[in-house]
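Everything on this sheet refers to the single structure shown next.
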Amino acid sequence: MDLIALSTFTSPVILFFLLGLLAATLRSELAIPEAMAKGMSLYLMAAIGLKGGVAVAESGIDAGIAFALLAGIVTSLLMPLLAYIALRQFARLDQINAGAVAAHYGSVSVVTFVTANEVLGVMAMPPAGYMVAVLAVMETPAILTGLLLARKGQARAGHDRGELWREVFLNASVVLLLGSFAIGAIAGPKGFAEVKPLFDSGFKGVLCLFLLDMGLIAARRLLDARSLTWRLAVLAIAFPLVNGTIGVIIGTAIGLDPGSAAAFGILCASASYIAVPAAMRLALPQADPGIYLSMSLSLTFPFNILVGISLFAALANSLAGS
Amino acid sequence: MDLIALSTFTSPVILFFLLGLLAATLRSELAIPEAMAKGMSLYLMAAIGLKGGVAVAESGIDAGIAFALLAGIVTSLLMPLLAYIALRQFARLDQINAGAVAAHYGSVSVVTFVTANEVLGVMAMPPAGYMVAVLAVMETPAILTGLLLARKGQARAGHDRGELWREVFLNASVVLLLGSFAIGAIAGPKGFAEVKPLFDSGFKGVLCLFLLDMGLIAARRLLDARSLTWRLAVLAIAFPLVNGTIGVIIGTAIGLDPGSAAAFGILCASASYIAVPAAMRLALPQADPGIYLSMSLSLTFPFNILVGISLFAALANSLAGS
Amino acid sequence: MDLIALSTFTSPVILFFLLGLLAATLRSELAIPEAMAKGMSLYLMAAIGLKGGVAVAESGIDAGIAFALLAGIVTSLLMPLLAYIALRQFARLDQINAGAVAAHYGSVSVVTFVTANEVLGVMAMPPAGYMVAVLAVMETPAILTGLLLARKGQARAGHDRGELWREVFLNASVVLLLGSFAIGAIAGPKGFAEVKPLFDSGFKGVLCLFLLDMGLIAARRLLDARSLTWRLAVLAIAFPLVNGTIGVIIGTAIGLDPGSAAAFGILCASASYIAVPAAMRLALPQADPGIYLSMSLSLTFPFNILVGISLFAALANSLAGS
Amino acid sequence: MIETIIRKRIEILVDSPLVRRVTAEIDAAGISGWSVLPVTSGSGRDGRWHEERVTGVDKSLVLSIASPEKASALAEALAPILTSHGLLLTMWDVEVIRGERF
Amino acid sequence: MIETIIRKRIEILVDSPLVRRVTAEIDAAGISGWSVLPVTSGSGRDGRWHEERVTGVDKSLVLSIASPEKASALAEALAPILTSHGLLLTMWDVEVIRGERF
Amino acid sequence: MIETIIRKRIEILVDSPLVRRVTAEIDAAGISGWSVLPVTSGSGRDGRWHEERVTGVDKSLVLSIASPEKASALAEALAPILTSHGLLLTMWDVEVIRGERF
Ligand SMILES: Nc1ncnc2c1ncn2[C@@H]1O[C@H](COP(=O)(O)O)[C@@H](O)[C@H]1O
Ligand SMILES: Nc1ncnc2c1ncn2[C@@H]1O[C@H](COP(=O)(O)O)[C@@H](O)[C@H]1O
Ligand SMILES: Nc1ncnc2c1ncn2[C@@H]1O[C@H](COP(=O)(O)O)[C@@H](O)[C@H]1O
Ligand code: NA
Ligand code: NA
Ligand code: NA
């Protein structure tokens, strides 16, 4: 564990994230052009999708995949309930904001998964390729639960349905992740070889620059955060700990290998800050982005990158060991 | 042929293009930031230019080059005539729009050529390096023919001449293609070695992402296309078939190797959707982009990528065989 | 020297710069999207910083570093004085503009250093890794001197102090250079290995495209330059010659190896066109960007890239030889 | 002297994910067209944001030229989501040259 | 109370390849300057477009502050290409502070 | 008929490095918010520039909606740096819907 944590903190990937946090805290003007940041996130999703697909093409499909996908959808649907109760009771958040935040914690963070993938690889416990598909299917179900919670007992403003469903089920990241996953599975190792230099060799370097940007954005949000109470801050750390632990246990229970179980834990522990916020602006515009983004992006995301990943990896190992 | 087609459809490059078409058809929000798309197209042109130049530096210059360049310029000048007649007679298009569309089909599509280059390489029939120069010289002559056809018998609004000539002869892609072709020829294999990791190894991966974007744009245009009639749609498929066949025959006739003859066919079959539209906005603003872009970008481009390339490769082979 | 110069002019890096100059002079529309240019400059700074840090992690720290850093700060502080006098006496520039221009020549150009690094590497005299840190510390001191010169004897408008200091000491390039330098030093060769494909292999290729853009911007500025007199043009060439020679001598005097001494000369010869202009807009808005940018970007920068680097390399060698 | 027509210029500052909603209303109002401009950063009751398209909370500026009647029809149509979705709608009179078509 | 001057604010929505044409006319009209803003998407008679700079059919917004006289001189100068090139020119009165130079 | 309020629309064209200065003044004037739009190129007394964010001399457009009182308060506050820093400040009356909060 110590060794792991250590190696984590000397990895350029993590160090660039810390640099971003530091630079923003010092109020430096350093900024990554938005088009570049967006481009890098598309690249990361395409690359992780391809790799996952290729891995599946190599390993072939087994029952494990079905279990993992099912577990992913169910947890994504149910986890918001847990979060919702805590947000209402402990943080005394109103129904709408509680529902919005809950949706974020039921969903997942692509970059957290990508980073975990790298770290777990270094720790010789790489997750199974199909975990990328699990990542994709976990992104949206939580949005439905969150909306139901936020609107229960209210007449829902139905007129923007179409927009919302498109945003939810065809949102860019889901389409790109599943699409490149399929491409990887079809092209297989031979087909992947031709594009490997870009999508494999360049991967970690791009991740460095992307995490630099994430560090900058996360810290800036926190500095400008107005609506963040200490109770919310506490939950932003408690959620990943609890959800992550539950995730690792479920993962191990359904028979995933330690690496995949750890990855599943990370997925449960992570909170969305791309797909869900966009959906919330459409469906719950009254909810305050100052709350859900500060929590998911400025607190939970750094916590998972810096602590969560190593933590759940260790947990998965010990569970597997026992 | 079957084998080829098959291998084509399992290549990530083509699969990403299909993904783009599909995502846009499903009305997904997936989009590549414009600056990134523009950057990738500059990269692709610089890379293809460099590689062509290096190849020429290795192979040395022979008469073939002169023939190919000449053939390119002449076909680019004359092909619009054929297209113009068909557009007027069969599609009953007015003079101005017919001239504008004709210009597009006389000119070429860089990305179609780049993709063909990759596919032909996989098929062990790589085109000669100097075909990049042919690509560059074929881009603009057609614009002149198209303008003459569109304006014949009319007083031409001469006051934006300067602008137009700059746009036509110094347009970004011509300058970048010829420039990096020259750089490749001067630097040679040794000089190229230092930049190979970016311009060679990364190439196919970037092409994947670029074709993803092209697929998105092509399909979206088609969905929003208002002025596209079935007669125009028919021509958008007929033109590449006819022009491409003519091109392969000419290429073989002037003694190009099968790979280069196939590439020449692709160039004739392809239609511009970058240089020419921009020139038309300047010189023929009354022409409707809804017509020429839907045809060249949304129909001809996908047809060439998915069918044309394999087709003309096979044709060039059989002609060479006979 | 001839050989060097020759190899310089057949290197793609330089050839792309020349292509940019040429294209802009011909008034071609060729342009690199701004977000891409910005992204490439961030990439180049991160990469050069990392490499420097890794080199230091390998070589270890010695007294040489301390000397070099000190020399860098002092020269950056003092060189503006020399420039200021010449600008006032010879070019008859008013106090404010003279101070502004002087600040640019005391500071440094990152891209010039990066290019020099590559060229010196090819010449088997790579600068020491810590020269990146020297680069970083030389960027800002000159701004202070320049401001003092421009404002001496005047009540300074103090109200934008905070902004200015942040701009000066936490400006993006300083933070990114020092940050990635530290990351490289911490991660060391082992950590760097994982990101090497992006930050090392891709480096020269990106530098090509970036210099293409620099060539375009430099030439366009020159063509639109209104306030540039022949006396200023003379100084824009004289400054790098004089400052560079002084730099090489100092570098050799404090015992730097030839490569590092040459690099130090380049740093002294180069003029800022990113950090300093931004700072001037804040602190000396009355100064005319048409003057300081035309000089540093359109004349001094090309001179250093095309002539300066080889020149100071040769000088450093001969001094070391003697 | 070239003749001009008075038209309404409507500018709507809106969350980017909502742009489709707004432009759909513009089309529905029978207005001849619209244009979207990017917004890089801003600050309001919800605090500050900067180049955060990555988090889907950035804004866009939708601009449209229309006749006074169509303009107020559009305003009516957008009224229900104006405050709920934090739209910022401003409009004013402008002279349009050759503006018959608007 | 700080004094202001009334000037015309002209905004011209134009195909990006045509920006040079328009700014040349602005310079010719003796107007002190201009600024160009990006436009990311739009819709009109020719249908919809989105981030298609790649196909050279995107638009830019040219904005210029000028005296009423120079403004209408510019309008006159642009008249011939207004409809032919599908320019969209709007102008209105604005208060400019320290605007003597415009 | 939906009711509208008259507000001032202030647009300030400013060097990007100075945006923070300007928005700080806007906040200080107690105005509810602001938005920043990118500017890609321009031309003025200092000559022409194009996509040169890399040299830190590019411009941004700061836009803010405020009550007439706050608007002129802002103008007063910016007066000292207006000419010195080459700011270009224009403002005009606009109708704002549901604009009580501005
Ligand atoms: N009424 C309008 N308001 C704002 N922008 C418009 C309007 N009509 C057209 N446009 C813009 O002008 C472009 C060309 O319009 P059109 O010439 O009608 O095809 C459209 O794509 C829009 O970006
Ligand atoms: N009359 C004007 N209308 C619009 N923008 C202007 C005008 N004058 C200057 N600008 C903008 O302000 C910048 C600086 O102008 P100047 O301070 O005159 O050098 C120019 O590059 C333009 O982007
Ligand atoms: N008074 C204003 N003027 C200009 N833009 C504003 C104003 N108030 C809010 N905005 C913009 O609208 C966004 C959301 O504002 P709000 O709904 O108050 O959180 C802000 O981030 C700004 O980009
Ligand atoms: Na989760
Ligand atoms: Na063709
Ligand atoms: Na210097």
Side-chain angles (χ1 to χ4, degrees), chain A residues 33-47 49-51 53-54 57 162-203 205-206 274-275 278-279 282, chain B residues 6-41 43-44 47 115 117-119 121-123 195-213 215-216 219-220 223:
Chain A
E34 186 178 316
M36 181 190 180
K38 198 120 196 246
M40 291 194 294
S41 78
L42 293 173
Y43 163 88
L44 292 173
M45 289 190 277
L50 277 172
K51 288 198 234 170
V54 172
E163 266 310 294
L164 178 61
W165 292 145
R166 185 186 300 110
E167 184 73 41
V168 167
F169 290 108
L170 293 175
N171 89 59
S173 49
V174 173
V175 170
L176 187 53
L177 280 171
L178 291 181
S180 41
F181 180 80
I183 292 175
I186 298 170
K190 245 184 87 295
F192 183 60
E194 8 177 284
V195 297
K196 197 164 172 159
L198 183 74
F199 289 114
D200 191 18
S201 320
F203 193 75
V206 174
I274 300 181
L282 278 172
Chain B
L6 200 70
S7 72
T8 311
F9 282 97
T10 60
S11 145
V13 176
I14 305 301
L15 289 169
F16 268 102
F17 181 65
L18 292 171
L19 175 59
L21 291 174
L22 181 70
T25 312
L26 296 175
R27 294 243 176 244
S28 161
E29 291 278 8
L30 180 58
I32 307 279
E34 186 178 315
M36 181 190 180
K38 198 120 195 244
M40 291 193 294
S41 77
Y43 163 87
L44 291 173
T115 313
N117 228 29
E118 292 303 320
V119 176
V122 173
M123 291 161 61
V195 296
K196 199 166 171 158
L198 183 75
F199 288 114
D200 192 19
S201 319
F203 192 76
K204 273 197 176 172
V206 174
L207 185 56
C208 287
L209 294 177
F210 191 75
L211 282 176
L212 171 64
D213 190 43
L216 290 166
R220 286 201 180 113
L223 293 172

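Note that the coordinates shown come from a computational prediction; the quantities given were computed from them, not determined experimentally. Labels below follow one simple rule: chain letters A, B, ... track the order of the sequence lines, proteins then strands, and each chain is numbered from 1.
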Euclidean distance, A:Leu42 CG relative to A:Leu176 CG, rounded to 0.5 Å = 6.0 Å
Interface moiety of B:Leu212 toward chain A, non-hydrogen atoms closer than 4.5 Å | side chain
Heavy-atom distance under 4.5 Å to chain A: side chain of B:Leu209, backbone, both or neither?
-> side chain
Heavy-atom proximity to chain B below 4.5 Å, by part of A:Ser180 = both
Atom pair CD/OG of B:Glu29 and A:Ser173 - distance to nearest 0.5 Å = 11.5 Å
From the list B:Pro197, B:Gly202, B:Gly205, the residue making the most non-hydrogen contacts under 4.5 Å with chain A is B:Gly205
Non-hydrogen atoms of chain A under 4.5 Å away: do they reach the side chain of B:Phe203, the backbone, both or neither?
-> neither
Can you measure from CG (B:Leu44) to CG (B:Leu207) and round to the nearest 0.5 angstrom?
-> 6.0 Å
Region of A:Ile183 that comes under 4.5 Å of a non-hydrogen atom in chain B = both
Counterpart residues, side chain to side chain donor-acceptor pair (under 3.5 Å), relative to B:Lys204 (two or more places apart) = A:Glu194
Check the pair B:Phe16 / A:Leu50 against side chain to side chain contact (heavy atoms under 4.5 Å, CB included), numbers first and verdict last.
-> CA-CA 11 Å; B:Phe16 268 102; A:Leu50 277 172; 4.0 Å; yes
